[in-house]
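See below for the structure under consideration.
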Protein chains: 2
Amino acid sequence: MLRQNDPREINPQGNGLLKGIAVDPVIFGFHENQLKVLIIEHTNTGLYALPGGYIQENEDVDEAAERILTMRTGLSDVYLEQFHIFGKYNRTDPEVVKKILIGQGFTPTDDHWSLKRFISVGYYALVDYTKTRLTTDLTTGSCDWYDFDAVPPLIFDHQLIIDKALTTLRHNLDQMLIGFNLLPPIFTMVELHTLYETVLGKKLLPPNFQRKMLSLGILERIEKKKTGKAHKSPYLYRFKPSE
Amino acid sequence: MLRQNDPREINPQGNGLLKGIAVDPVIFGFHENQLKVLIIEHTNTGLYALPGGYIQENEDVDEAAERILTMRTGLSDVYLEQFHIFGKYNRTDPEVVKKILIGQGFTPTDDHWSLKRFISVGYYALVDYTKTRLTTDLTTGSCDWYDFDAVPPLIFDHQLIIDKALTTLRHNLDQMLIGFNLLPPIFTMVELHTLYETVLGKKLLPPNFQRKMLSLGILERIEKKKTGKAHKSPYLYRFKPSE
DNA sequence: AGAATAGTGTCTCTAAGACATTATCGC
DNA sequence: GCGATAATGTCTTAGAGACACTATTCT
């Protein structure tokens, strides 16, 4: 279990961190025909949240998002995109933050920096569910996948952030461009198909879906086939190596 | 000339303002077949920039963007959308900020809040050029429209912000949905047509363009015609009142 | 009438949707 | 061969693009 990477743990005073702004990545996975979201529980609180984090003073915001994503999942070089900032002046609740800090064994004064107004930069990431190595730390009681439609109640506006992320994801999926990032490097057309159906929430006719996907010219068919089942085995596909 | 609305002018200490985060709206207009951008000059510096501003502690980020837009243009209820945040840790330059403050007659200490790292929330607005009443203040030497392809060199990454805003605008225009916001309430199909051609930077065949626009079902033809010229006068259109 | 610009009709071609058909695998 | 699933073929329809044509206004 990794522990040293979360700045809050070793740094409750927030030294070297930007105040008033946080990064909240919505990390999507796909497994057993279900869209999954990564949710953490703050230690000893029963409070669930997005696996967010702060930005270091000498670090780009994008770098902070990558760092947090890598710290939580063990993955790098994944699809990660900033999609919106959430800036309502009263979107956070000092009482809730206080509970979180107390759960971490830290008793904040009323003027503690993390009790003040916070703006959140929303990112969404698409990761290969089978490759993730979820990591908790002292501030995190649990870090787990939840079915998209069965996430527990979340603090602040985190549910809104997830919903907005899904809207953006759907919009981008409609362009048929980025769905592959949620699958292992090698996959079948049916897997890709069910992924799209699940995320978009509607049926797509298999012949048309395949035609569309192949016409994009970014898939490569691998001439090996699956084994085992009592029916025709599907082709395997992967991303075309490069441009 | 309005003066009292820019918090920097009456508040160089930044009391009541969020530190480390600013709003930079890219305000687009359209006039004489040219896409225009609103650019300010910081007083006594020769430094050009987007007409940005700060966020008040008790104000949503979106409200701050609206306030700044209204303050500069006199307009409210215009198309205004957050499109990206710019978070490179070294995107601003303390020396440049110092020049700006000195130009305002204020000599900052080296630890002045506005010399530190700043994150910018990028918005873009589409306004009716003919309706704007541009407003300067004590911190602003000028506030003027520039042809999109002839803006002067800008401070920081403001040119990047403009370019990214135009990319987003083009993408949205391709969906054929939001171009009307750049025109007066009543316009001809040709005006709409040249607007799209100019912004998208490509030719569109008039019959197809008209067919597409009318098929959207959001335009209403007003059965009055223009006067004067020695040729057929065009129909006038406006947005359909509501849904 | 004729110049100039506005607006319409229509042909072609491509792409999407629906559905029928063929192919392959293991029993 | 048979059941099950994968993959392909093709018919229909909708829309984009190109271009020819008609309409209107004023000189």
Side-chain angles (χ1 to χ4, degrees), chain A residues 32-33 170-180 183-184 186-240, chain B residues 32-33 170-180 183-184 186-240:
Chain A
E32 290 175 347
N33 293 351
R170 281 191 170 147
H171 185 263
N172 287 335
L173 267 197
D174 261 334
Q175 318 298 103
M176 299 281 166
L177 285 171
I178 56 170
F180 323 95
L183 292 174
I186 291 179
F187 49 87
T188 70
M189 189 58 75
V190 172
E191 287 170 336
L192 188 60
H193 182 213
T194 52
L195 164 64
Y196 273 74
E197 282 193 338
T198 305
V199 174
L200 296 178
K202 63 184 177 189
K203 289 289 176 192
L204 304 168
L205 291 177
N208 303 336
F209 179 78
Q210 170 150 284
R211 178 162 29 121
K212 180 72 184 177
M213 278 300 156
L214 294 180
S215 76
L216 292 176
I218 52 179
L219 292 185
E220 186 178 27
R221 178 179 283 183
I222 302 169
E223 282 298 339
K224 286 177 180 176
K225 308 194 176 187
K226 265 187 170 173
T227 56
K229 298 287 177 51
H231 49 72
K232 180 170 180 176
S233 36
Y235 289 108
L236 298 176
Y237 294 88
R238 67 176 171 207
F239 260 123
K240 270 190 183 169
Chain B
E32 291 175 347
N33 292 351
R170 281 190 169 146
H171 183 263
N172 288 335
L173 266 197
D174 260 335
Q175 317 297 104
M176 298 281 166
L177 286 171
I178 55 169
F180 324 95
L183 292 174
I186 291 179
F187 50 87
T188 69
M189 189 59 75
V190 172
E191 286 169 338
L192 189 59
H193 183 214
T194 52
L195 164 64
Y196 272 74
E197 283 192 337
T198 305
V199 174
L200 296 178
K202 62 184 179 191
K203 289 290 176 191
L204 303 168
L205 291 177
N208 302 337
F209 180 79
Q210 169 150 285
R211 175 162 33 118
K212 179 72 183 177
M213 278 300 157
L214 294 179
S215 77
L216 292 176
I218 51 180
L219 292 185
E220 186 178 27
R221 178 180 283 183
I222 304 169
E223 283 298 339
K224 288 178 179 175
K225 309 195 176 187
K226 266 186 169 172
T227 54
K229 299 287 177 53
H231 49 71
K232 180 170 180 175
S233 35
Y235 289 108
L236 298 176
Y237 294 89
R238 68 176 170 208
F239 259 123
K240 270 189 182 169

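Chain naming here is simple, since letters A, B, ... match the order of the sequence lines and numbering starts at 1 in each. Note: hydrogens, waters and symmetry copies are ignored here, and every other heavy atom, side chains too, is used.
Distance alone, capped at 3.5 Å, places no donor-acceptor pair between the A/His193 side chain and the A/Gln210 backbone.
The distance from atom NZ of B/Lys202 to atom P of D/dA18 is 11 Å, rounded to the nearest whole Å. Atom CG of B/Leu204 is separated from atom P of D/dG17 by 8 Å (rounded to the nearest Å). Rounded to a whole Å, the CG atom of A/Leu219 is 15 Å from the C1' atom of D/dA7. If you take CE of A/Met213 and P of C/dA16, they are 11 Å apart, rounded to a whole angstrom.
In this structure, the separation between CZ on B/Phe187 and CG on B/Leu219 is 5.0 Å, given to the nearest 0.5 Å. Put simply, NZ on A/Lys212 and CG on A/Leu205 are 14.5 Å apart, with the number rounded to the nearest 0.5 Å. One finds the CG atom of B/Leu183 at 5.0 Å from the CG atom of B/Leu195 (value rounded to the nearest 0.5 Å). Atom OH of B/Tyr237 sits about 11.5 Å away from atom CZ of B/Phe180, to the nearest 0.5 Å.
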Name the pairs: protein N/O against N/O of nucleotides 5-8 of chain C, kept only if under 3.5 Å.
residue: C/dG7; atom: OP1; partner: B/Tyr235; partner atom: N; Å: 2.4
residue: C/dT8; atom: OP2; partner: B/Gln210; partner atom: NE2; Å: 2.6

Listing time: all N or O pairs from protein to nucleotides 14-16 of chain D that are below 3.5 Å?
residue: D/dA16; atom: OP1; partner: B/Lys212; partner atom: NZ; Å: 2.9
residue: D/dA16; atom: N7; partner: B/Arg211; partner atom: NH1; Å: 3.2

Legend entry - Test side chain to side chain contact (heavy atoms under 4.5 Å, CB included) applied to B/Phe209 and B/Glu197, step by step: CA-CA 10 Å; B/Phe209 180 79; B/Glu197 283 192 337; over 6 Å; no

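In this structure, a donor-acceptor pair under 3.5 Å is absent between the side chains of B/Gln175 and B/His171.
Of the residues B/Leu177, B/Ile178, B/Val199, the one that meets the side chain to side chain contact (heavy atoms under 4.5 Å, CB included) test with B/Asn172 is B/Ile178.
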